[in-house]
Structure formats: C-alpha cells, structure tokens
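What follows is a set of notes on a single structure, which appears directly below.
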Amino acid sequence: MTKPDNKSLITELWNRRVPQFVANYVGICWGILQFLIFATNRYQLDNGFIDKFLIFAVVLIPGVFVYTYNHGRPGKDEWKQYEKILLPVNLVLALVFAGIFSPGNEMNAAPIEVQVTNEQGDTVTRIVPSAAQAKSFGIFPFKDNTESSEDDWMKFAFGQLIVRDMEQDMRMYCVSPFGFEYSFKSNNASIYDNDISFGKYLKIAKDRTTDYFVLGEFSKEEAGLAASIEVYDSNSGELFFENNYNAESIFDIVDQFTAEMSSNLFIDDSSNKVVVVTDLPAKDLITKDLEALEMLMNAKIKHRYENEYLEAIEIMKSAIALDPESPMLKSYIAAYYNSIAKVDSSKIFIDEAVELSEFLPERQNFKIRQEYYIFNQQIDKNIALLETWRQLYPRDYYPYNQLLEFYSLTQVFNKAKKVGEDALENGHSKRVLKRLATFEIAQNNLDKAEEYINRYYELFPDKNKMEDTQLAEIYLKK
C-alpha cells in the first residue's frame, strides 16, 4: 500500500476506485438500515437489530477499505498475504462487537410475563409488550374548518375519542389534546389556536417524548362530517400515514381511523396472545349521545380553563340526563363535585360510575376505580391499584405520576425514588429526572441530584442550565 512517487494520494485512491466503492458500501448500508427501521416498526422486531447492524457496518469499514485499495482497479490482482489474515479478523471483530457492545437493553427485549397482586388481593398474570412494541402518540386538537364556532367542541372531541379508542390496545399510549395545555403555553400558543405551525407541533411532540403525533382537520358536508387526518414521526417529522374520511358522525370517523392506524402499526395476527386488545366502538367509550359528548367537551373547558366549576357541573347534569348509562360522564361529574368539596355528591356519582364501568377497557376502568378509592379515602387500595397499573402498562406515565405525588406529600422518599427509577428505566426520563433530583436533594444526596439534573439538560440542550434553581440549591448546600 505504498504510494507511488509520481502520484498524489488522492489520485492513487481514485485510480484504485476506493472512494467509489466506499460510497457504494455506505449507500448499501443505508438502504439496509432503512429496511431494518421499517421492519422493526412494522413487524414489532427488536430495536437492537438496528444497533447491531450499525456497529457491524462501521467496524467492517477498514476491511472494505483494504480490499478496495488492493482490488479496486480494473484487471486481475493478486491477494496479499496480510489480507488473508486481516480481512477474516476484521469480519470476526465486526460480528463480536455487534453482538457484545450493542446498546440494546431490556426495554428492547421480548415481551415479559408480569405477575402482580391487585387491590382486591387477586394475582394477575399478564404478558406485557416490550418497549419496542409499545408506541406513544400525541393527539393534538383538530383544526375546525366549519363556518361556525359552534362546532369548536369537536376540536377536542376528536382527540378524546381517538385516545380512548387507541388505548384499548395495551401497546398504545396517548397524550390527549387537553394534556398539551402547558406545552402550548411554553411555546407561545394555545390549544384553541387554529393556525399553529408544523414546526411547533413537531417540537412539542419531541419534548413530550412521543413516537408519533396526530394532526387533523374537519368540516361539515351534506352527507355528514369530513375529516383529514395525518400521522407523523415525532423524531424525523416525516409523514407516516394519512387519509381522508367521510361519515355520518364523529364516532364513525374515529373508528375508521383507529382501525387503519392499528393495521399500519402492527401485524394483524389473531394467534398472537401477547397483546390484550379490547375493540369497543368509539360511541361506547365515553358516551353514545352526540349532544352529551358536546356538553362534556364544553364542561371540561369550563372547569379546566375558565374555573367555572358550578357551571361545569350543571352542564354535566344535562349530559347525564341524555345518557344516564355512561360511566365516564358520571366519573367526570364526580370529579367536578370533589373539586368543590361536595364529597357526598361526588361519592354518589363515583359509586354509579364503578357499577357501570365493568365493560370499559382496562385503563378506563382503572381510572374510575382509582377515583373511587380516593373519594372514599381507601389509600391502600389506591396505591395497590396504581402499582398494578404501572406494572401492566409500564409506558403509561399516569400511575407513576400519581405514586410520585403521593410519596412526595407523605415524604416517603425511598419509595418515591424507587418509583422514579422504574419510570426512568421505562422511558420516562424527560418527565422524571428533575423529580428524582428533588428527592435526592431532600435526602442531601447532592452529587446524585446533580447527576440527574445534568442528564436532564443533556436531553434538553436548548434550556438554560445556568438558571436552574435546583442546581443553585445544590451549590449552596455544598
């Protein structure tokens, strides 16, 4: 591999066609990588295959370079003695490095069997999908293209129904439209806005660590309702799936979209016993009455954003009169009564909600039972239910958050740290790192607290670390 005196190194490499062959190698590897990414998402394969291939391809580059340098020129070339040793060794090293040093972890492993004891004392055994199978979605408020503001409630109703419908599948986790309120405010926007830029949606979806986000718009037609729905990859911003829907009601459109969404994400395999999927129609998930659904959206806005608690309760009474068999409507009014300390009224409605909730999907049933235990001050059962919830649905942050709040209020920091560390292992780092730092500061573990904060700012490099009050507290204590 000695360079001839009368030729530059670049000319020599070009004549031996090293740049051309290396470029082809990179191109082929890129194509294989894109196929692996597609296959992993489509067929629920282990994400570790992607990491292993990347390591293999990179470690193999020296061998590709040496082979091309010696054999890239047109014509016959003899094999060098060192090649017969170097190239097989390089291949073996690439295989070893890919097998040993792949950054894949337990989160990308196969589904695992989980055994938990629920709040009733019963043992529940379940196969829980791996993180590679689980997908998270941000469902943003839809754009209203109707000519009347009277239909604005559907901006949020579409999202609420999509969340309930998709989360019947234990592989799916969603952030509802109302769950983005703080994220919108932090980005100088409002959930009521009808003209938010795509870049802002993408940033919010990334900050909330979703895999995908859903945008949509709707309008009214003579035959009923029309909607255009798009699903984007939260990391790349690339369009994953889109379609237009026409139906008589919002329920029908949601059913069509979620069925198509699921078929694009997962293999339709009825013999697959890993996943628990309930498939109730959208009208059975909140309320079957369209007017009652509109009232619920208006009540949520009154209660959540306008602090009109009594007005929200009156709206909910009217909604329940239209659909008295809805457990969800009764759970909402129970929560509204509880927020103004009307405990007796709250208990009446939550009792009725529990009785009616037997056939709801599991996570909706969990939420109603949790409220029942809170309103009736059955703390032990509430904690047991949340523990069951987080173990069966490890990518759902809600049960972690509830447990963290309880252990923080009761200052049981060791249990809070355990829950927080479990949340960290299950992909909730952006949400839980700062809270873990708080627990460590409370126990004067300042180095550990600083480590968590530094990890947080590695995830959010655009945030100003120098203004962090927790870091200031740590430095003062040190």
Side-chain angles (χ1 to χ4, degrees), residues 134-146 151 153-179 211-232 239-270 272 275-297 300 319 322-323 325-329 332 356-365 367:
K135 306 297 178 185
S136 59
F137 295 81
I139 316 297
F140 288 109
F142 276 33
K143 182 179 179 181
D144 181 3
N145 287 334
T146 66
D151 297 311
W153 63 274
M154 281 193 283
K155 285 170 61 74
F156 309 106
F158 266 106
Q160 290 294 108
L161 286 169
I162 289 172
V163 168
R164 298 300 185 195
D165 204 349
M166 290 176 66
E167 287 195 342
Q168 294 184 86
D169 187 326
M170 67 184 303
R171 295 167 294 186
M172 296 192 187
Y173 300 86
C174 300
V175 181
S176 76
F178 292 113
D211 297 314
Y212 301 93
F213 63 95
V214 178
L215 302 179
E217 53 187 62
F218 64 93
S219 59
K220 283 189 170 180
E221 297 183 348
E222 289 185 10
L225 201 60
S228 173
I229 305 178
E230 301 169 337
V231 182
Y232 291 91
L239 182 67
F240 173 72
F241 163 71
E242 66 176 332
N243 208 346
N244 299 314
Y245 303 91
N246 294 273
E248 290 185 8
S249 74
I250 187 173
F251 301 120
D252 298 325
I253 289 177
V254 169
D255 284 333
Q256 292 173 31
F257 165 70
T258 54
E260 202 166 356
M261 183 74 251
S262 181
S263 68
N264 275 276
L265 279 172
F266 306 115
I267 304 172
D268 184 14
D269 183 2
S270 59
N272 186 352
V275 180
V276 174
V277 180
T278 308
D279 192 18
L280 298 178
K283 64 183 180 62
D284 291 343
L285 299 174
I286 300 177
T287 173
K288 64 180 182 293
D289 190 281
L290 196 61
E291 189 177 350
L293 180 64
E294 177 181 355
M295 289 178 177
L296 172 61
M297 295 301 108
K300 286 176 75 70
L322 293 172
D323 188 2
E325 299 300 311
S326 166
M328 293 301 296
L329 295 181
Y332 278 117
L356 294 167
S357 67
E358 180 182 358
F359 300 107
L360 281 178
E362 187 171 55
R363 272 182 278 185
Q364 285 182 256
N365 189 284
K367 185 65 169 67

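A quick note: this is a predicted structure, and the numbers were derived from the prediction, not measured. Quick note: numbers below take in every heavy atom, side chains included, and nothing from hydrogens, waters or symmetry partners.
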Okay, side chain of E230, backbone of L239: is any donor-acceptor separation there less than 3.5 Å? no
For D151 and D144, the nearest pair of non-hydrogen atoms, with its separation, is C-OD2, 3.7 Å
What is the minimum heavy-atom distance between V254 and A282, and which atoms define it? CG1-CB, 4.0 Å
Measuring from D284:CG to F359:CZ, what's the distance to the nearest 0.5 Å? 11.5 Å
With rounding to the nearest 0.5 Å, note down the distance linking CG in L161 to CG in D255. 9.0 Å
Which is it for N244 and S228 under the side chain to side chain contact (heavy atoms under 4.5 Å, CB included) test, yes or no, and what are the steps along the way? CA-CA 4 Å; N244 299 314; S228 173; 3.1 Å; yes
Quick one: closest heavy-atom pair of Q168 and P361, and the distance? CG-CG, 3.5 Å
Please check: side-chain N/O of N145 versus main-chain N/O of E217, any donor-acceptor pairing under 3.5 Å? no
T287 and M295: side chain to side chain contact (heavy atoms under 4.5 Å, CB included), yes or no, with the steps? CA-CA 11 Å; T287 173; M295 289 178 177; over 6 Å; no
How many angstroms lie between CZ in F142 and CD1 in I162, if you round to the nearest 0.5 Å? 4.0 Å
Are M261 and K135 packed together at the side-chain level, in the sense that at least one heavy-atom pair is separated by less than 4.5 angstrom? no
CG-OH distance between D211 and Y173, expressed to the nearest 0.5 angstrom: 11.5 Å
Provide the closest heavy-atom pair for I253 versus L225 in the form atom of the first, atom of the second, distance. CD1-O, 3.7 Å
Without swapping roles, check the side chain of S262 against the backbone of A259 for a donor-acceptor pair under 3.5 Å. no
Can you tell me how far the CZ atom of R164 sits from the CE atom of M328, to the nearest 0.5 Å? 4.0 Å
Quick check against the 3.5 Å criterion: does R363 have a side-chain atom that pairs as donor or acceptor with the backbone of E167? yes
Would K300 count as a cation-pi partner of F178, with NZ or CZ less than 6.0 Å from the six-membered ring centre and within 45° of the ring normal? yes
Looking at L322 and A292, what are the two nearest heavy atoms and their distance? CD1-N, 3.9 Å
If I compare all heavy atoms of L360 with all of P327, which pair ends up nearest, and what's the gap? CD1-CG, 3.6 Å
Checking W153, F156, F158, Y245 against F218 for ring-ring contact (aromatic ring centres under 6.0 Å, His included), the one that qualifies is F158
In sequence, state the C-alpha distance, the side-chain angles, and the governing distance for V231 and N264, and then conclude on side chain to side chain contact (heavy atoms under 4.5 Å, CB included). CA-CA 11 Å; V231 182; N264 275 276; over 6 Å; no
For the pair F213 and F140, name the ring-plane relationship: parallel under 30°, tilted 30 to 60°, perpendicular over 60°. perpendicular
If you count heavy atoms of other groups shown closer than 6.0 angstrom to CD of E248, is the number above 12? no
Spacing of CG belonging to D323 relative to CD1 belonging to I286, to within rounding of 0.5 Å: 11.0 Å
